[in-house]
Peer 1: 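Take a look at the following structure, please.
Below, read A as the first sequence line, B as the second, and so on, with proteins coming before strands; counting in each chain starts at 1. Every heavy atom of this structure was used, including side-chain atoms; hydrogens, water molecules and symmetry mates were not.
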Amino acid sequence: MAGAGCRDRLTDLPTQNDLPEDAPVTITPNTLRSGPDDRGFFGLYGGRFVAETLMPLILELEKAYDEARNDPAFHAELAHLGKHYTGRPSPLYFAERLTEHLGGAKIYFKRDELNHTGSHKINNCLGQILLARRMGKTRIIAETGAGQHGVASATVSARFGYPCTVYMGATDVERQKPNVFRMKLLGATVNPVTSGAGTLKDAMNEALRDWVTNVEDTYYIIGTAAGPHPYPAMVRDFQSVIGTEAKEQMLAAEGRLPDALVAAIGGGSNAIGLFHPFLDDRDVQIFGVEAGGHGLDVPNGHAASMAGGRPGVLHGNRTYLLQDGDGQILEGHSISAGLDYPGVGPEHSWLKDTGRVSYVPATDREALDAFQVCTRLEGIIPALEPSHALAHVIKLAPTMAKDQIILMNMCGRGDKDVFTVAKHLGQDM
Amino acid sequence: MTESRITRRFAETAAAGRPALVTFVTAGDPDYDTSLAILKALPGAGADVIEMGMPFSDPMADGPAIQASGLRALKAGQTMVRTLAMVRAFRETDQTTPIVLMGYYNPIYSWGPEAFLDAAKAAGVDGLIIVDLPPEADDELCLPAMARGINFIRLATPTTDDRRLPAVLTNTSGFVYYVSINGITGTASPDAVRVGGAVERIKRHTSLPVAVGFGVKTAEQAQRIGQDADGVVVGSAIVAAIKGSLDAEDRATGATVPAVEALVGELAAGVRAAKRSAA
């Protein structure tokens, strides 16, 4: 079905307007949670667009993951590690002073920044390292942008005794020095990537080149819910612990579900982790916040691939991409190294086209302002990534009634960003 | 599939008892005019089949030499339209040398696959190698290309085992491109012994010619690999020769075209020395 749908579609350049009607074709209409189909597609998006060398590995990974997720022992070990190593469940926190300050809806944070290693990335890395062990792999590679996924990958590699190589754009190595040193302390090798603009997409290219060269022994831990099938679904599943916990905690705290969810989107793994368990709760509005950079009207000045891009194929999947008229991928820009990626996970592209999730941008400036507001009012220093989500919360809350509830994913802590923020605020450290 | 320039050319080299020399250059490297001059010089220098890279910003399967050549081309203003214009210009004087375009899917997807295929066919393109379209994605581009008589050439790799090989070969036409190493272009050199076994293995599944590439750099390697294959692909070494002839600002010099001609001449002598026992 997906194949036929895709072929018809390919006779013209897809536009945003004509995508929604054929998107639901492959998905059972009464649930938004059954994707992807057996070829890895969420409607038009996703799939397995990889070189032949990788194809047998991707198929092997899919089989291994299918077995693992049907194995209670796998889940038990992951839950045990989640509790005793990561510190799950992460708290659901009522941001009382921020709520008062904004004067509208009640604001709750899902505190995944309190996880071991300081972000949601560890949820996925623990799942994938257990899978790597099941598959008998002996070497770990990963890409990283802000360094949070690199740190989490280095951490689980140390914990399970694997050598780990992290690819990181040279620009990001420069702007995320604390995380680079952290990875080295954890025993990982950090390889700066100088091709392109030296950011996340280039790091991912280089990680794929490593993988294709070292197929026999290497497991590639992709850090976001993107890449060839089964990565988008697998990473989502490992991150869905966020939404599953939050739902339970919200019912316990308020006796009902929130009115709105808000999360930042780079590749989109923290967001899909929060959103997925709520997709069929149609009364819950969902907002994904993309990096608006210098503004959507500034050419190549943002990283909002859905608001400012169009469907294309990169890094193993079809999804919204920032690209020029000739299909060359643009670098994008964001103050946040973790959001500075020209694509987005394919499930988000599908959720955009179906209209279930609203994707909105927040600029560098708005994120910086939100960063400071949260720090001063709540005593929580957020990472620049969730600061984008916060920026939208700041716009949204005052428009809602006081008895309404917003749940935002505080997906990372800001320790790594204090140098960047100081620079933007014109302060020497 | 009906006879194409590609099948004719491989039949000719087989009849001559030698493997075909398949040469790769990136379209528009280092600039359009020089690249077209290189293209036109290739058959005379001894190239039997021409592979032309369509530059892409994110060449995930390519090593440093071809990555850099793609960036040079893009910087000099190369586009998909100009790449097809180059093929058209080449066809004005050469109706027999097959041209295979090699690249990644996104620029084609961005153009619109069907419209691109029509334009490519009209320009005189004979085959396509699209690195990130495995057989699982045949309905995207492979089947529409076949319907237009454009060969879709598939890569087989050391990881393509006997179970998977039939799927890889099903809609392959023209020739099979055996990637002799796991990895990216232009890095490690293939081991001639292992390559021979792999070519034999592929030939048990198909009657198509098998060309071997990735890591073949010298005339001597071309000769050795060519003893076991129907074709030898050389890419990074030619691209490196182009790079070596450029000035400090990566601009073409008078030495650029002759550098390519000289290397291709040596490689051509190499494959001609690779007399095959059973043609």
Side-chain angles (χ1 to χ4, degrees), chain A residues 2-14 39-40 47-60 194-197 201-202 204-216 228-229 310-318 321 323-331 342, chain B residues 54-64 67-68 70-71 74 78-82 103-115 130-141 143-144 154-161 163-164 167-168 177 179 181-185 187-188 214:
Chain A
C6 287
R7 266 193 85 190
D8 293 342
R9 163 85 22 245
L10 293 180
T11 50
D12 293 302
L13 260 185
R39 301 192 338 160
R48 281 183 285 231
F49 297 91
V50 296
E52 174 57 27
T53 311
L54 290 182
M55 204 57 210
L57 280 89
I58 300 278
L59 295 171
E60 182 197 352
T194 50
S195 61
K201 107 177 153 72
D202 310 298
M204 199 152 176
N205 289 337
E206 212 53 41
L208 284 164
R209 290 181 187 120
D210 180 316
W211 199 22
V212 92
T213 308
N214 300 291
V215 287
E216 304 291 342
H229 179 64
R310 63 178 202 281
V313 174
L314 180 72
H315 293 155
N317 57 177
R318 176 160 36 221
L321 296 174
Q323 53 186 316
D324 70 12
D326 211 34
Q328 306 294 339
I329 309 303
L330 301 174
E331 293 290 342
Chain B
M54 299 176 279
F56 181 49
S57 54
D58 294 79
M60 286 153 284
D62 285 304
Q67 285 177 43
L71 291 180
L74 289 173
Q78 190 67 14
T79 60
M80 293 290 282
V81 168
R82 287 164 74 85
Y104 297 81
Y105 187 34
N106 198 57
I108 293 172
Y109 185 70
S110 174
W111 183 318
E114 307 259 345
I130 306 301
V131 177
D132 51 356
L133 284 179
E136 283 77 359
D138 270 356
D139 50 356
E140 298 272 344
L141 191 69
L143 299 179
R154 191 89 64 192
L155 305 181
T157 72
T159 60
T160 313
D161 61 18
R163 242 173 340 131
R164 185 166 167 77
V168 168
Y177 186 153
V179 175
I181 52 163
N182 286 328
I184 51 179
T185 52
T187 48
F214 274 45

Peer 1: Please classify the contact between A/Leu321 and chain B as side chain, backbone, both or neither, with a heavy-atom cut-off of under 4.5 Å.
Peer 2: side chain

Peer 1: Is there a side-chain contact between A/Arg310 and B/Ser110, using heavy atoms and a 4.5 Å cut-off?
Peer 2: yes

Peer 1: Is it the backbone or the side chain of A/Thr53 that comes under 4.5 Å from a heavy atom of chain B, or both, or neither?
Peer 2: both

Peer 1: With rounding to the nearest 0.5 Å, note down the distance linking CD1 in A/Ile329 to CG in B/Asp58.
Peer 2: 5.5 Å

Peer 1: Can you tell which part of B/Leu74 gets under 4.5 Å to a heavy atom of chain A, answering side chain, backbone, both or neither?
Peer 2: side chain

Peer 1: What part of A/Leu314 lies closer than 4.5 angstrom to a heavy atom of chain B: side chain, backbone, both or neither?
Peer 2: side chain

Peer 1: Heavy-atom distances under 4.5 Å only: say whether A/Gln323 touches chain B with side chain, backbone, both or neither.
Peer 2: side chain

Peer 1: Taking A/Arg209 for its side chain and B/Gly183 for its backbone only, find out whether a donor-acceptor pair lies under 3.5 Å.
Peer 2: no

Peer 1: Tell me, please, which residues at least two apart from A/His229 pass ring-ring contact (aromatic ring centres under 6.0 Å, His included).
Peer 2: none

Peer 1: Any side-chain heavy atom of A/Val50 sitting closer than 4.5 Å to one from B/Asp132?
Peer 2: no

Peer 1: With a 4.5 angstrom heavy-atom cut-off, which part of B/Pro59 approaches chain A: side chain, backbone, both or neither?
Peer 2: both

Peer 1: To the nearest 0.5 Å, how far apart are CG in B/Asn182 and CG in A/Asn214?
Peer 2: 9.0 Å

Peer 1: Who passes salt bridge (charged side-chain N to carboxylate O under 4.0 Å, His left out) against A/Asp326, sequence neighbours left out?
Peer 2: none

Peer 1: Below 4.5 Å, heavy-atom pairs only: which of A/Met204, A/Glu216, A/Arg48, A/His315 has the largest tally toward chain B?
Peer 2: A/His315

Peer 1: For the backbone of B/Met60 and the side chain of A/Asn205, can you confirm whether one donor and one acceptor N or O come within less than 3.5 Å of each other?
Peer 2: no

Peer 1: Does any non-hydrogen side-chain atom of B/Glu140 lie less than 4.5 Å from one of A/Val313?
Peer 2: no

Peer 1: So what's closer than 4.5 Å to chain A heavy atoms on B/Glu136: side chain, backbone, both or neither?
Peer 2: both

Peer 1: Considering all heavy atoms of both residues, which atom of A/Gln328 and which atom of B/Pro55 are nearest to each other, and what is their separation?
Peer 2: NE2-O, 3.0 Å

Peer 1: Given a strict heavy-atom distance threshold of 4.5 Å, which part of B/Asp161 is in contact with chain A: side chain, backbone, both, or neither?
Peer 2: neither

Peer 1: To the nearest 0.5 Å, what is the distance between CD1 (B/Ile184) and CD (A/Glu206)?
Peer 2: 6.5 Å

Peer 1: To the nearest 0.5 Å, what is the distance between CD on A/Glu52 and OH on B/Tyr177?
Peer 2: 14.0 Å

Peer 1: OH of B/Tyr109 to CZ of A/Arg318: how many Å apart, nearest 0.5 Å?
Peer 2: 4.0 Å

Peer 1: Would you name the heavy atoms of B/Ser57 and A/Lys201 that are closest together and state the gap between them?
Peer 2: O-NZ, 4.1 Å

Peer 1: Between B/Phe56 and A/Gly327, which heavy-atom pair has the shortest distance, and what is it?
Peer 2: CE1-O, 3.4 Å

